[in-house]
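Reading through the structure tokens given below for one structure.
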Amino acid sequence: MPPDRKAGNARHTPEAAPEDLAIALLRMLCTGGPVSVARACKSLGLPRSQMERLLLLLGSSEQWGGLHYVRPEEQQGRTVITLTSEGRALCAQMQAATE
């Protein structure tokens with residue numbers, strides 16, 4: 001495959017650092033409320049597998065721990081990401097810091 005074609009296929013390798021992706025997802029949830037996993041993947045340009053790793057980091061799991069800021073929930077046959085009480089508190093801190 002020519003080099004220029006390979007560059008076009010690099011869509012699934014975001015250049016953003018994991019911290020930036022976490023902040024972007026949290027901001028999306030702070031301003032817009034619950035969002036479907038599919039919509040979050042599309043907005044952030046992430047493949048589903050990378051979004052699941054991000055949710056492990058920001059969520060909570062018996063095996064992996066996590067930050068307890070978000071939780072995936074099933075709503076009307078689709079998975080949506082919602083903020084936990086810790087996540088809402090973090091959003092309030094983030095908004096206060098920007099004011």
- Treat each ILVMFWY residue as a node, draw an edge where side-chain heavy atoms are under 4.5 Å apart, and state whether Val35 and Val37 are in one component. yes
- Once you round to the nearest 0.5 Å, how far does CG of Leu21 lie from CG of Leu26? 11.0 Å
- State whether the side chain of Thr82 and the backbone N or O of Arg71 hold a donor-acceptor pair below 3.5 Å, judged by distance alone. yes
- If you measure from CG on Leu67 to CG on Leu57, what distance do you get to the nearest 0.5 Å? 5.0 Å
- Other residues, nucleotides, ligands: >12 heavy atoms within 6.0 Å of Arg39 CZ: no
- Query: How many angstroms lie between atom OG1 of Thr31 and atom CD of Gln95, to the nearest 0.5 angstrom?
  - Reply: 8.5 Å
- Message: Test of understanding: clusters of I, L, V, M, F, W, Y form through side-chain heavy atoms closer than 4.5 Å, transitively. Do Ile81 and Met28 belong to the same one?
- Response: yes
- What is the distance from atom OG1 of Thr79 to atom CE of Met51, rounded to the nearest 0.5 Å? 12.0 Å
When the side chains of residues 84-93 are checked against the rest of the protein, which donor-acceptor pairs come out under 3.5 Å, sequence neighbours left out?
residue, atom, partner, partner atom, Å
Thr84, OG1, His68, O, 2.4
Thr84, OG1, Tyr69, O, 3.2
Thr84, OG1, Glu86, N, 3.4
Thr84, OG1, Glu86, OE1, 3.2
Thr84, OG1, Gly87, N, 3.2
Arg88, NH1, Leu83, O, 3.1

- Message: Quick check for you: to the nearest 0.5 Å, what is the distance between Met94 atom CE and Cys30 atom SG?
- Response: 5.0 Å
- Message: On a heavy-atom basis, which atom in Pro18 and which in Leu54 lie closest, and how many Å separate them?
- Response: O-CD1, 4.3 Å
- Task: Indicate, with yes or no, if Leu55 and Leu46 share a hydrophobic cluster defined by side-chain heavy-atom contacts under 4.5 Å among Ile, Leu, Val, Met, Phe, Trp and Tyr.
- Result: yes
